[in-house]
Amino acid sequence: APAIFTEADFYQQSFDPQAYLKEYYSMSDSREGANVFLTQNLRSLHKMFSLGGLRGGTLIDVGCGPTIYQLLSACEHFHEIIALDYTDQNRRELERWLRNEEGAFDWVPVVKYVCELEGDREKWAEKQEKVRKKVKQVLKCDVTKANPAGPVSLPPADCIVSTLCLEGACKDLPTFRSALRNIGTLVKPEGHLVLVTVLGQTYYAFNKQVFSCLRLEKHEVEAAVEAAGFEVTFSEAQPYAVSEERMDCGGVLSLVARRHPC
Ligand code: SAH
């Protein structure tokens, strides 16, 4: 594990979106571990967005990185999506895909997988277009700031989703707890939070770069979500048994919570 916390500026300087995508989001049959981590998370997102009540006008994706897999199940339930991330090159990489530009990452195998979960693999092109149409803005954010999207002030959304971001962005549990309060302000009272977080992990690596990760336990995440003004309505930890060098992940927590009415 890295001896020091890799902060937002380290992401800005060192996070290579294409290398990240290749390492964690390629779906080739020869890379078994990669498939397990990704497909497990896709199934969790499918399950969570199939729960009742997760629908509405707007969805905000916090710490989107260069990825869209977290929007594939979600996009069926919301009219508009706003994606937020700290790092310029990650937002640019995402926009490249949204505009279908040359050299953009190929998400087709992942989109097909999710369509299959939803019952019709043939709908992949339609879903891909849906995501491209629904993402209206890609903006800078910092989850450690009281107004994460500042100076922009976004109208509160019906739902926020955040995958694998806070545990990388927060150096300790108090910072994690305050980040949840910060991003909680982006969602309407009675709106939802959908979270995918790794448990017991201290680092992840790709392209010979190592990023620190806040070592979290299930009860710590749940308590932080509740302290941020939410009621946890679904929480499921899945052990992650694949042993790999690229990360020391012990499990993945999938959580849905509802913000208290004011
Ligand atoms: N959601 C994507 C990306 C996760 S990688 C996925 O599921 O794969 C972690 C992301 O957190 C990176 O894109 C990084 O730019 C972002 N990040 C790091 N520090 C942040 C901060 N302080 N505020 C917002 N995003 C941050």
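Any value given below was found using the heavy atoms of this structure, including those in side chains, with hydrogens, waters and symmetry copies removed. Counting convention: from 1, in listed order, for ligands and their atoms alike. We number each residue from 1, following the sequence as shown.
Heavy-atom contacts from other residues, nucleotides or ligands closer than 6.0 Å to CD of Glu245 number 12 or fewer. The neighbour count for Lys136 NZ, taken as heavy atoms of other residues, nucleotides or ligands under 6.0 Å away, is above 12. Counting heavy atoms of neighbouring residues, nucleotides and ligands inside a 6.0 Å radius, atom CZ of Arg96 exceeds 12 of them.
The shortest N or O to N or O distance between Tyr11 and ligand 1 is not under 3.5 Å. Residue Asp85 has at least one nitrogen or oxygen atom sitting less than 3.5 Å from a nitrogen or oxygen atom of ligand 1, judged on distance alone. In terms of polar-atom proximity, Gly63 is counted as a contact of ligand 1, with an N or O under 3.5 Å from an N or O of the ligand. For Gln70, no nitrogen or oxygen atom sits less than 3.5 Å from a nitrogen or oxygen atom of ligand 1, counting backbone and side chain alike. Here's the thing with Pro66: none of its N/O atoms is less than 3.5 angstrom from an N/O atom of ligand 1. At least one N or O atom of Thr87, backbone or side chain, sits closer than 3.5 Å to an N or O atom of ligand 1.
With sequence neighbours excluded, no residue satisfies salt bridge (charged side-chain N to carboxylate O under 4.0 Å, His left out) with Glu80.
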Only distances under 3.5 Å count here; give the side-chain donor-acceptor pairs of residues 50-57 to other protein atoms, sequence neighbours excluded, each with its distance to 0.1 Å.
residue, atom, partner, partner atom, Å
Ser50, OG, His46, O, 2.6
Arg55, NH2, His77, ND1, 3.0

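Shown in contact with Tyr25 at under 4.0 Å from a heavy atom are these atoms of ligand 1, numbered in order with element: 6 (C), 7 (O), 8 (O).
Looking from atom 23 (N) of ligand 1 to the surrounding protein, the closest heavy atom is Val143 N, 3.0 Å.
The option from Tyr86, Tyr20, Tyr24 that lies nearest to atom 26 (C) of ligand 1, judged by heavy atoms, is Tyr86.
Between the side chains of Asp16 and Gln209, no donor N or O sits under 3.5 Å from an acceptor N or O.
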